[in-house]
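Below is one structure; the comments refer to it alone.
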Protein chains: 2
Amino acid sequence: MQSYTEENYLKIIYHLSEISHPVQTNAIAERIHTKAASVTDMIKKLSEKELVNYVKYQGVTLTEKGKLTAINIVRKHRLWEVFLVDKLNFKWDEVHDVAEELEHIQSNLLIERLDEFLHFPSVDPHGDPIPDKHGNFVELAFVKLSKLNSGDNGTITGVSEHSSSFLKHLEKLGLTLGKRIEIIEVLEFDGSVELLVEQQKTNISREVAKHILITKN
Amino acid sequence: MQSYTEENYLKIIYHLSEISHPVQTNAIAERIHTKAASVTDMIKKLSEKELVNYVKYQGVTLTEKGKLTAINIVRKHRLWEVFLVDKLNFKWDEVHDVAEELEHIQSNLLIERLDEFLHFPSVDPHGDPIPDKHGNFVELAFVKLSKLNSGDNGTITGVSEHSSSFLKHLEKLGLTLGKRIEIIEVLEFDGSVELLVEQQKTNISREVAKHILITKN
DNA sequence: TTCATTATTTAGACAAATCTAAAAATTTTA
DNA sequence: TAAAATTTTTAGATTTGTCTAAATAATGAA
């Protein structure tokens with residue numbers, strides 16, 4: 001079993017792995033609000049436990065064992081988010097911090113029962129997929145716009161944020177359901193996305209891109 | 001805010017206060033599975049934070065502030081137990097360890113919403129009362145037999161454990177609903193209770209006494 | 001009421017996770 | 001490609017909660 005802190009490191013490394021591979025010490029330090037020196041210490045420890053592969057000065061990647069642990073934490077986090085929104089009427093932007101604590105509760109029975117109670121949801125309130133108990137993600141029909149790369153194109157099939165201010169914003173940009181889009185470029189420094197809708201060039205922030213669901217083709 | 005460990009100490013001191021006043025170092029050590037020396041250290045710390053009153057060699061009592069904190073943890077513990085049994089179909093004897101973890105989640109909103117979701121229950125699955133958010137317990141019509149003292153008498157009005165083996169055991173002892181009982185003595189060393197039912201003297205263990213609900217008079 | 005027993009505290013040490021400051025390696029830039 | 005800048009690691013210290021062993025206080029028995 002891993003400590004609360006170890007679990008957090010594994011989860012962050014898992015998320016950062018989607019962006020860069022291997023994951024750098026400083027990137028982890030920033031996300032976990034700690035210092036690079038502390039990260040090095042913890043990485044060594046996780047490496048001894050064979051949860052990460054670590055090469056000095058080169059960064060870390062998760063081992064199979066580490067990845068499974070991380071995915072399980074992500075699973076718990078997202079199931080709790082569904083619970084908070086669907087059952088306790090939290091708003092989607094109120095759930096993160098609480099789920100951050102709940103994800104560390106140790107009980108397989110609890111999570112299996114919760115999953116059942118929620119009718120085995122496949123996505124969380126932010127539109128992120130929920131892995132099953134074996135760590136498998138179902139193939140979703142859609143993907144977040146923020147996950148696309150330059151050159152990709154697809155059709156807007158949904159949103160994961162339903163506030164009227166957000167929807168009005170999309171309308172103003174012409175980003176409505178059914179529209180075809182093409183990614184021109186994903187800006188390195190802030191993750192904002194330059195895209196094409198009906199011959200029109202638009203730039204949207206990473207935050208906005210996160211909440212637009214796309215069917216690729 | 002208190003640490004996870006501090007919260008546990010406060011909770012244990014609160015529970016032990018019902019038995020002895022002030023609470024002794026060794027009693028805490030035993031309940032928390034730690035050594036007396038560690039307890040002394042922690043008590044000093046809690047005393048500096050004005051959560052307990054501490055006199056060397058005399059034991060501890062909770063301050064008003066400490067008591068409120070402890071009651072809030074008890075509240076959270078019991079609400080989670082209700083959730084686990086009512087919503088996730090846990091059995092009453094499966095909930096304790098998980099609730100022990102859940103009680104430390106920090107979010108007032110979460111607990112208020114959970115309370116509402118469960119329709120403001122007044123007792124947990126073991127028949128223990130659930131304090132409201134101000135720390136007040138409602139006066140219950142019944143009390144656990146294990147809370148009575150010698151000389152007390154009353155009527156059996158319920159049980160908080162429904163396994164058939166337990167109910168058969170009660171039947172054999174003649175401890176059925178509606179029967180009048182009188183406490184002869186509560187044994188110091190194991191908390192077992194000597195009582196009178198229909199002129200018949202019986203001895204029941206503390207565990208059994210905990211699950212028999214009595215209406216006093 | 002003195003001695004023995006038990007309970008509690010003190011002193012010093014340890015493991016986990018963190019930090020600062022300095023050293024070492026890597027990357028960037030000129 | 002050598003110097004400068006950045007990133008990462010090491011060394012040593014700190015905090016929290018724990019421990020063992022020894023010292024001290026309180027309690028109980030003769």
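Letters A, B, ... mirror the listed sequences (proteins, then strands); counts begin at 1.
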A/Ala37 or A/Met42, whichever maps to the more 5' nucleotide of DNA chain C: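 Looking at DNA chain C, the more 5' nearest nucleotide goes with A/Met42.
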
Atom CG in B/Leu118, atom CG in B/Asp124: separation rounded to 0.5 Å?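 Going from CG on B/Leu118 over to CG on B/Asp124, the span is 11.5 Å.
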
Any residue of residues 46-59 of chain B with a heavy atom less than 4.0 Å from an atom of DNA chain D: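 Going residue by residue through residues 46-59 of chain B, the ones with a heavy atom under 4.0 Å of DNA chain D turn out to be B/Tyr57.
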
Using only side-chain N and O atoms of [X], determine if any of them is under 4.0 Å from OP1 or OP2 of [N].
{"X": "A/Ser3", "N": "C/dA16", "result": "no"}
{"X": "B/Lys35", "N": "D/dT18", "result": "no"}
{"X": "B/Thr5", "N": "D/dT16", "result": "no"}
{"X": "B/Asn26", "N": "C/dT6", "result": "no"}
{"X": "B/Thr40", "N": "C/dT10", "result": "no"}

Under 4.0 Å, heavy atoms only, any strand: does B/Tyr4 hit a base, just the sugar-phosphate, or nothing?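 Since no nucleic acid heavy atom lies under 4.0 Å of B/Tyr4, the category is nothing.
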
Which part of the nucleic acid, if any, lies within contact of A/Ser38, taking any heavy atom under 4.0 Å across all strands shown: a base, the sugar-phosphate backbone alone, or nothing?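 Base, at least one base atom sits under 4.0 Å.
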
Go through C/dT8, D/dC19, D/dT9 for me and flag the one nearest to the B/Gln24 side chain.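 Closest nucleotide to the B/Gln24 side chain: C/dT8.
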
Starting from P on C/dC19, measure out to NE2 on A/His33 and report it in whole angstrom.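 Result: 12 Å.
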
How are the rings of A/Phe117 and B/Phe117 set relative to one another: parallel (under 30°), tilted (30 to 60°) or perpendicular (over 60°)?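 It falls in the perpendicular class, over 60°.
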
Angle between ring planes, A/His77 versus A/His96, binned at 30° and 60°: parallel, tilted or perpendicular?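 Ring orientation of A/His77 relative to A/His96: tilted.
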
Step-by-step salt bridge (Lys or Arg N to Asp or Glu O under 4.0 Å) determination, A/Glu207 to A/Lys210: CA-CA 5 Å; A/Glu207 267 315 296; A/Lys210 272 184 177 172; 3.3 Å; yes

Give the minimum heavy-atom separation between A/Phe166 and A/Ile212, together with the two atoms involved.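 That closest heavy-atom pairing would be CZ-CG1, 4.4 Å.
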
Please evaluate residues B/Leu68 and B/Lys65 with respect to the criterion side chain to side chain contact (heavy atoms under 4.5 Å, CB included), reporting the C-alpha separation (whole Å), side-chain torsions for both, the decisive distance (0.1 Å), and the verdict. CA-CA 5 Å; B/Leu68 274 174; B/Lys65 190 173 147 197; over 6 Å; no

